[in-house]
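Data first, discussion second: the structure below is written as structure tokens.
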Amino acid sequence: MATITSLGIGSGLDVEGLVTKLMAVEKLPLTALDTKESTDNSKISALGSLASSISALQTAASAFVPGIGQTAQTNLATYSATLADTTVGTATAGTSASSAVGDYTLTVDQTAHSDRVVFDAGLTLTAGTLNVSVGSGTASPITVTAGMTLAQLRDAINGGGGGVTATLIGGAQLVLTSNTSGAAGRLTVSGNAGFTKSDGTAGSFSWTPSPTGGTGTGVSQPAGNMGQDAKIELNGVTLTSSSNTFASAIDGVDIKLSPSAVANTTTTLSVKADTTTKATDAVNAFVKAYNAFIAQVKQYGYYNATTKTAGTLQGDYTLRSAQSDLYKLISTTPTGVTGTIKTLSDLGVSVQRDGTLSVDSTKLS
């Protein structure tokens, strides 16, 4: 069978060209729909970008809004706390330190540390059970076998999860340290685990704490190793803490003593308010966000008469109304506002000819 390879042969008509043109005409509605879809997608994307810039502006503006119970000044202030003698420790101030601004006399009575007891040196262990308890907690029994070395006893204690850490000093003396800081972490040692001293005498381990130290057999407590709370005097008021940290020693101010702070040392605690930095940062952040919004308006709303090209949202009602509403917000005085600062211009923020904002840092300061 013959195959037709070209339309219109023998007729003199450009049938192939006619068919091509007819098909192009048929495609016109589809092409128009594709163009409209592309235009709509571009507008949706532009509106999304515009919404994001407005959201960023809202976030920047929220920095000016005081929280519940705050004033504008306390909202826009930052606070610092320092100790004149840095060997005593450090102090930090939070956002609630507004009522604590001032100087205070701080005296260190004592620092906090954990309870520590020491087993006698040169012991040979015999079978039994060793009980160790922290504060008012339940005793943690440790099984002691005949011939157990001090290193093995150390490992058994550390593996028992009793809230105490065992270490060896010089390979000959076992030391127990409470994992709970302060007076509430005092150690008690008891049980029928036996030992033989280097001089051949035998006995059983025991340590019973007391307010002034403690008594024991085979266990002792060197001077300065009794667990104690930290104690300071702040303007004559005594404060205690099981650790060296005093949370909210004054409203919004924490104090942390150095473990090496010397007892009876007196220094000055100064709490100050900085009402400049945060306010300046807030104003500059707002201006930056507003100018980013204006840049979006220019990008999507322009019209170039020379090239007869327009932005994606040129003439769009949403763009125009958003721009108009925001300009009104920054250029008018809200109802009910009193005082010397009523508008952004009172803070040194002015509108430029291109619609952006500019900050006069001298006036703002």
Side-chain angles (χ1 to χ4, degrees), residues 78-118 132-137 140 157-158 161-169 173-189 207-214 219-274:
T78 54
Y79 300 91
S80 63
T82 56
L83 293 175
D85 185 348
T86 56
T87 65
V88 168
T90 58
T92 55
T95 57
S96 60
S98 59
S99 61
V101 173
D103 291 335
Y104 303 81
T105 299
L106 184 150
T107 300
V108 179
D109 290 339
Q110 63 185 39
T111 58
H113 58 75
S114 297
D115 199 52
R116 184 181 293 112
V117 295
V118 181
V132 180
S133 61
V134 178
S136 59
S140 177
I157 293 172
N158 289 338
V164 62
T165 298
T167 55
L168 277 179
I169 294 182
Q173 279 191 287
L174 184 70
V175 179
L176 300 185
T177 303
S178 173
N179 294 342
T180 301
S181 176
R186 299 289 304 280
L187 297 175
T188 299
V189 180
W207 174 258
T208 303
S210 71
T212 57
V219 182
S220 61
Q221 187 170 69
N225 283 270
M226 184 176 71
Q228 65 180 25
D229 295 337
K231 184 185 297 184
I232 62 174
E233 292 179 31
L234 204 55
N235 277 11
V237 178
T238 300
L239 303 176
T240 60
S241 172
S242 60
S243 69
N244 284 316
T245 298
F246 293 81
S248 294
I250 316 173
D251 290 338
V253 179
D254 298 339
I255 297 171
K256 185 174 184 179
L257 297 181
S258 169
S260 59
V262 178
N264 300 317
T265 299
T266 297
T267 187
T268 299
L269 166 66
S270 297
V271 183
K272 298 179 180 179
D274 176 358

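Counting begins at 1 with the first residue of the sequence. The figures that follow rest on heavy atoms only: side chains count, while hydrogens, waters and symmetry mates do not.
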Holding to side-chain hydrogen bond (donor to acceptor under 3.5 Å, both in side chains), I want the full list of residues that pass it with Thr188, two or more places apart in sequence or in another chain. none
Would you say the side chain of Tyr104 lies within less than 4.5 Å of the side chain of Thr268, judging by non-hydrogen atoms? no
Atom CD1 of Ile255 and atom OG of Ser248: how far apart are they, to the nearest 0.5 Å? 10.5 Å
Nearest heavy-atom pair of Gly214 and Ser210: which atoms, and what distance? N-OG, 3.2 Å
What do the steps show when you test Gln221 against Arg116 for side chain to side chain contact (heavy atoms under 4.5 Å, CB included), and what is the final call? CA-CA 7 Å; Gln221 187 170 69; Arg116 184 181 293 112; 5.6 Å; no
Residue of the set Thr238, Thr267, Asn235, Thr266 for which side chain to side chain donor-acceptor pair (under 3.5 Å) holds with Thr107: Thr266
Any residue meeting side-chain hydrogen bond (donor to acceptor under 3.5 Å, both in side chains) with Ser270, in chain and number order, not counting sequence neighbours: Asp103
Look up atom CD in Gln228 and atom OG in Ser181, then write down how far apart they are to the nearest 0.5 Å. 9.0 Å
Nearest heavy atoms of Ala230 and Ala112, plus distance in Å: N-CB, 3.3 Å
Answer yes or no: is there a side-chain heavy-atom contact under 4.5 Å between Leu174 and Thr167? no
Quick one: list whatever passes side-chain contact (heavy atoms from CB on, under 4.5 Å) with Thr87, sequence neighbours left out. Asp85
Give me the one residue out of Leu168, Val118, Thr165 that meets side chain to side chain contact (heavy atoms under 4.5 Å, CB included) with Val175. Val118
Which pairs pass salt bridge (Lys or Arg N to Asp or Glu O under 4.0 Å) with one or both residues in residues 229-241, sequence neighbours excluded? none
Can you tell me how far the OG1 atom of Thr265 sits from the CG atom of Leu83, to the nearest 0.5 Å? 11.5 Å
Non-neighbouring partners of Thr95 that pass side-chain contact (heavy atoms from CB on, under 4.5 Å), sequence neighbours left out: none
Set of side-chain hydrogen bond (donor to acceptor under 3.5 Å, both in side chains) partners for Asn244, sequence neighbours left out: none
Tell me the closest heavy-atom pair linking Thr240 and Phe246, and the distance in Å. C-CE2, 3.5 Å
Val134 side chain near Ser178 side chain, heavy-atom distance below 4.5 Å: yes
If you define the side chain from C-beta out and look only at heavy atoms, does anything of Asp115 sit under 4.5 Å from Asn225? no
Gap separating the OG atom of Ser114 from the CG atom of Leu176, nearest 0.5 angstrom: 12.5 Å
Are Lys272 and Tyr79 side-chain neighbours, meaning at least one heavy-atom pair lies under 4.5 Å? no
Under a 4.5 Å cut-off applied to non-hydrogen side-chain atoms, are Leu234 and Leu269 in contact? yes
Between atom NE2 of His113 and atom OG1 of Thr177, what is the distance when rounded to the nearest 0.5 Å? 11.0 Å
Leu257 side chain reached by Val108 side chain, heavy atoms, under 4.5 Å: yes
Do the side chains of Arg186 and Met226 get nearer than 4.5 Å, heavy atoms only? yes
Here the gap from Thr90 atom OG1 to Asp254 atom CG, rounded to the nearest 0.5 Å, amounts to 9.5 Å
